[in-house]
Engineer: 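This is the structure I want to talk about, given as structure tokens.
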Amino acid sequence: MPLVAGVDTSTQSCKIVVRDADTGELVRSGSAKHPDGTEVHPDHWWSAFLEAAAAAGGLVDVAAIAVGGQQHGLVALDAAGNVVRDALLWNDTRSAAAAEALISELGEGDRAAGAQRWADVVGSVLVASLTVTKLRWLRDAEPGNAARVAAVALPHDWLSWRIAGYGPQGDPSAPLGPDLDALFTDRSDASGTGYYDAQGADGAGEYRPDLLRLALGHDDVVLPRVLAPAEAGAVAHPTIAGSAVDGGALIGPGAGDNAGASLGVGMVPGDVAISIGTSGVVSAVAPRRTADGSGAINGFADATGNALMLAVTLNAARVLDAARTLLDVDFDGLAALALQAPAGSDGLVLVPYLEGERTPNRPDATGTLHGIRLATSTRPHLARAYLEGMLCGLADGLDALRAQGVPIERVMLIGGAAQSPAVQQIAPQVFGLPIAIPAPGEYVADGAARQAAWVLAAARGGTAAPGGAPADVAPPAWSTTIATTLPADPHPIIRDQYAAVRDLV
Ligand SMILES: Nc1ncnc2c1ncn2[C@@H]1O[C@H](COP(=O)(O)OP(=O)(O)O)[C@@H](O)[C@H]1O
Ligand SMILES: O=C(CO)[C@@H](O)[C@H](O)COP(=O)(O)O
């Protein structure tokens, strides 16, 4: 019974699951919080990882480990392996103007042409979330830091590198030192940078140094090696994981968190996952990505060789956190209040752009509460309006997927807020579709663990560690338990009144 570990270094926390590689059975788990904010020193991710590993009973006995993580965050390293500044996260909107500038430059002044060109080349129209826009912001706002950039990594790449024992020069927790060439990543996270074409080089994927140079002003930069789906990138340093296992613990390529979740719940074409975590994500796998010039759909890669289409909102679980603070209730209290008000909340509508918005691209927008009257000035109406507004943003994402011709046969609801009974009751009303809710779990970490088991199987098959994913070793067939299936319960009024207000913002 070999054990594998999966890590989710997400926006709000680090979660680790240890599973049986053969059966997928959960053996133990742990988690630790990340600090708030859209700008974070990566050392916090490292200490949260160590704390979560300790809470999970340690990692000495795992034979393989893989890391899923929040996408897009800019981890810019200097030649000594130090970060040149705190990492700018996916939900930091300061690079919105940089995104517009890069779009215009690729379109030679024609925004629509530029937007389509970015979508054609890297799968996505640029918004402030994407790493490439943060590099342009750095070039313009902090030229000294931009000049010092010797490598650009993403949160999951950086954490995998640290687990392998690399890190800043002189740091006792990084015995192998700052070898930048040892950085590695996978297609899914690389595809969210804005300088990686997941379908280029005859489908194998390739970096676009020309786009990196356009953004940063130089391309004298190490980029993490992009591994094949079941390829080991390194062996974990024995002080961190695998010391009790022959040969040490293999480190898998890892994944962007949404690709990790897709692997964790076992998504196939026709499945759509709606994740309500810090981000709201509507995602679907497909054989090839679309190139949506409207920008609503990001054409990323998944962790198995397919494409992963995503519509992402900045305002999801934290909208509900804000409602809890406002109404001074806990999770159950918020759900109970929301379910006391009728569908449509008697016309009270929240457009929930509490942190600006990414889809639609309104980085500077603020939220709006519309339709407030004496009769709707109640705690239940307010609670329900917050829930409905947040879900309407995701329903727009579903429409955008449909508009790209992505088939929607089964919808699964995941992420922290999917556990809310009010979300579970109101989501089928807003989406108008039946919804499957997997048993509560950490699906990004589970996907990473499944990848680790895949890497282990491939290595034992003798063909994939390191050097390439063998076509003959499939991901282990772990099953996902669907805890609840909810029938469609369409209440069109909710989306109709939201649509009437959304564009007034
Ligand atoms: N029962 C619940 N009702 C509503 N929100 C919840 C509930 N449980 C957790 N959450 C919210 O889910 C979020 C964390 O979800 P998660 O998917 O772990 O996020 P992330 O991966 O972005 O860190 C937090 O904002 C938390 O408040
Ligand atoms: O920006 C995206 C995807 O494009 C987000 O999904 C981030 O990857 C953050 O994820 P969570 O921490 O909310 O899970």
Side-chain angles (χ1 to χ4, degrees), residues 7-15 31-36 38 40 45 48 52 68-74 88-93 123-124 126-131 133-134 154-156 188-189 191-194 255-262 264 273-283 297-301 308-325 329-338 354-355 358-359 383 386-387 390-391 394 397 413-427 437 440-447:
V7 181
D8 175 13
T9 179
S10 77
T11 314
Q12 296 193 47
S13 60
C14 182
K15 310 148 205 189
S31 68
K33 296 292 287 173
H34 287 160
D36 269 348
T38 63
V40 172
W45 305 333
Q70 55 170 318
Q71 296 193 253
H72 316 304
L74 172 63
L88 297 179
L89 306 191
W90 63 278
N91 52 356
D92 188 291
T93 54
S124 303
L126 299 189
V127 288
S129 293
L130 272 61
T131 325
T133 71
K134 300 177 192 300
L154 298 170
H156 110 254
S188 70
D189 228 5
S191 69
T193 58
D257 55 0
N258 299 296
S262 165
I274 300 183
S275 171
I276 311 178
T278 316
S279 57
V281 181
V282 183
S283 62
I297 297 298
N298 294 131
F300 296 158
L308 188 70
M309 253 66 68
L310 264 77
V312 185
T313 67
L314 290 184
N315 297 288
R318 277 184 168 159
V319 172
L320 308 189
D321 292 342
R324 282 195 294 120
T325 305
V329 286
D330 61 11
F331 288 132
D332 291 342
L334 182 71
L337 279 175
L354 309 190
E355 295 199 287
R358 163 169 166 186
T359 313
Y386 268 66
L387 256 94
M390 184 272 290
L391 291 168
L394 292 167
L413 201 57
I414 57 173
Q419 293 314 313
S420 159
V423 168
Q424 294 186 4
Q425 185 163 324
I426 298 171
I437 305 186
E442 294 297 346
Y443 284 99
V444 178
D446 288 346

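One-based numbering, in listed order, for ligands and for the atoms of each.
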Engineer: State the atoms of ligand 1, each with its element, that fall below the 4.0 Å cut-off from a heavy-atom position in Gly415.
Structural biologist: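 Numbered from 1, ligand 1 contributes 17 (O).
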
Engineer: Run the numbers for me: atoms of ligand 1, each under 4.0 Å from some heavy atom of Arg324, listed by number.
Structural biologist: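 Those atoms are 27 (O).
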
Engineer: Under a 4.0 Å heavy-atom limit, does Glu442 contact ligand 1 with its side chain, its backbone, both, or neither?
Structural biologist: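 The answer is neither; Glu442 stays 4.0 Å or more away.
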
Engineer: Under 3.5 Å between some N or O of ligand 2 and some N or O of Ser10?
Structural biologist: no

Engineer: When you measure from the side chain of Asn298 to the backbone of Met309, do you find a donor-acceptor pair of N or O atoms at a distance under 3.5 Å?
Structural biologist: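 No: the side chain of Asn298 does not pair with the backbone of Met309.
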
Engineer: Could you tell me the residue and atom name of the protein heavy atom closest to atom 24 (C) of ligand 1, and the distance to it rounded to 0.1 Å?
Structural biologist: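 Minimum-distance protein heavy atom for atom 24 (C) of ligand 1 reads Gln12 NE2, 3.6 Å.
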
Engineer: Among all protein heavy atoms in this structure, tell me which lies nearest to atom 12 (O) of ligand 2, with the distance rounded to 0.1 Å.
Structural biologist: Thr11 OG1, 2.4 Å

Engineer: Among Trp90, Phe300, Tyr443, which residue places a heavy atom closest to atom 9 (C) of ligand 2?
Structural biologist: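 Selected option, by shortest heavy-atom distance: Trp90.
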
Engineer: Examine distances only and state if a side-chain atom of Ser279 and a backbone atom of Val281 form a donor-acceptor pair shorter than 3.5 Å.
Structural biologist: no

Engineer: Could you tell me whether Gln12 approaches ligand 2 through its side chain, its backbone, both or neither, with non-hydrogen atoms closer than 4.0 Å?
Structural biologist: neither

Engineer: Under 4.0 Å from a heavy atom of Ser279: give me the atoms of ligand 2 that qualify, with their elements.
Structural biologist: 5 (C), 6 (O), 9 (C), 10 (O), 11 (P), 13 (O)

Engineer: Does ligand 2 come near enough to Gln70 that some N or O of the ligand is less than 3.5 Å from an N or O of the residue?
Structural biologist: no

Engineer: List the closest protein heavy-atom neighbour of atom 23 (O) of ligand 1: residue, atom name, distance to the nearest 0.1 Å.
Structural biologist: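 Here the nearest protein heavy atom works out to Ser10 OG, 2.6 Å.
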
Engineer: Among protein heavy atoms, which sits nearest to atom 11 (C) of ligand 1, and what does the distance come to when rounded to 0.1 Å?
Structural biologist: Ala317 CB, 3.9 Å

Engineer: Looking at atom 18 (O) of ligand 1, what's its closest protein heavy atom, distance included?
Structural biologist: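 Looking at atom 18 (O) of ligand 1, the protein heavy atom closest to it is Lys15 NZ, 2.5 Å.
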
Engineer: Checking side-chain contact (heavy atoms from CB on, under 4.5 Å) between Gln71 and each of Leu89, Leu154, Asn258, which is the one that passes?
Structural biologist: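 Of the listed options, the one satisfying the test is Asn258.
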
Engineer: Can an N or O of Asp257 be found at a distance shorter than 3.5 Å from an N or O of ligand 2?
Structural biologist: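 Among all N and O atoms of Asp257, at least one is under 3.5 Å from an N or O of ligand 2.
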
Engineer: For ligand 2, which atoms, with element, lie under 4.0 Å from some heavy atom of Gln71?
Structural biologist: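 Result: 3 (C), 4 (O), 7 (C), 8 (O).
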
Engineer: With rounding to the nearest 0.5 angstrom, report the OG to CG distance, Ser275 to Leu310.
Structural biologist: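 The distance works out to 9.5 Å.
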
Engineer: Can you measure from CD1 (Ile297) to OG1 (Thr359) and round to the nearest 0.5 angstrom?
Structural biologist: 7.5 Å

Engineer: Determine, step by step, whether Leu320 and Phe331 satisfy the side-chain contact (heavy atoms from CB on, under 4.5 Å) criterion, reporting the C-alpha distance in whole Å, the side-chain angles of both residues, the deciding distance to 0.1 Å, and the verdict.
Structural biologist: CA-CA 9 Å; Leu320 308 189; Phe331 288 132; over 6 Å; no

Engineer: Could you say whether the N/O atoms of Ser129 and ligand 2 ever approach to under 3.5 Å?
Structural biologist: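 Such a contact does not occur with ligand 2.
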
Engineer: Which residue and atom name correspond to the protein heavy atom nearest atom 4 (C) of ligand 1, and how close is it?
Structural biologist: Phe331 CD2, 3.4 Å

Engineer: Give yes if a backbone or side-chain nitrogen or oxygen of Asp321 is under 3.5 Å from a nitrogen or oxygen of ligand 1, and no if not.
Structural biologist: yes

Engineer: Just to be sure I read this right, does ligand 2 sit under 4.0 Å from the backbone of Thr278, its side chain, both, or neither, counting only heavy atoms?
Structural biologist: both

Engineer: Would you mind running through ligand 2 and noting each atom that sits below 4.0 Å from a heavy atom of Val281?
Structural biologist: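 In order of number, 6 (O).
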
Engineer: Does His72 reach the main-chain N or O of Gly192 with its side chain, forming a donor-acceptor pair under 3.5 Å?
Structural biologist: yes

Engineer: Cut-off 3.5 Å, side chains only: do Thr278 and Gln12 have a donor facing an acceptor?
Structural biologist: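 Looking only at side-chain atoms, Gln12 and Thr278 do form a donor-acceptor pair, the distance falling under 3.5 Å.
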
Engineer: Looking only at distances, please establish whether an N/O atom of ligand 1 is found under 3.5 Å from an N/O atom of Thr278.
Structural biologist: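 Yes.
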
Engineer: Looking only at heavy atoms, which two atoms of Gly69 and Asp8 are closest? And how far apart?
Structural biologist: CA-OD1, 4.2 Å

Engineer: Spell out, as yes or no, whether a donor-acceptor pair under 3.5 Å connects the side chain of Thr38 to the backbone of Asp92.
Structural biologist: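 No, Thr38 side chain to Asp92 backbone: no donor-acceptor pair under 3.5 Å.
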
Engineer: Between the side chains of Glu355 and Asn91, does any donor sit under 3.5 Å from an acceptor?
Structural biologist: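 There is no such pair (donor and acceptor under 3.5 Å, judged by atom type) between the side chains of Glu355 and Asn91.
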
Engineer: Can you measure from OG (Ser191) to CG (Leu130) and round to the nearest 0.5 angstrom?
Structural biologist: 9.0 Å

Engineer: For atom 9 (C) of ligand 1, what is the closest protein heavy atom, and at what distance to 0.1 Å?
Structural biologist: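 Checking every protein heavy atom, the shortest distance to atom 9 (C) of ligand 1 gives Gly416 O, 3.5 Å.
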
Engineer: To which protein heavy atom is atom 4 (O) of ligand 2 closest, and what is the distance rounded to 0.1 Å?
Structural biologist: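 Looking at atom 4 (O) of ligand 2, the protein heavy atom closest to it is His72 NE2, 2.6 Å.
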
Engineer: Taking the side chain as every heavy atom from C-beta outward, state whether Val312 and Phe300 have any pair of such atoms under 4.5 Å apart.
Structural biologist: no

Engineer: Is it the case that ligand 2 has an N or O less than 3.5 angstrom from some N or O of Asn258?
Structural biologist: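 By distance alone, the answer is yes.
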
Engineer: Decide yes or no for Ile276 and Val423: does some side-chain heavy atom of the first lie under 4.5 Å from some side-chain heavy atom of the second?
Structural biologist: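 Side-chain contact under 4.5 Å: yes.
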
Engineer: Can you check whether Ser10's main-chain N or O pairs, donor with acceptor, with His34's side chain at less than 3.5 Å?
Structural biologist: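 Present.
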
Engineer: Looking only at heavy atoms, is any part of Arg358 under 4.0 Å from ligand 2, and if so is it the side chain, the backbone, or both, or is it neither?
Structural biologist: side chain

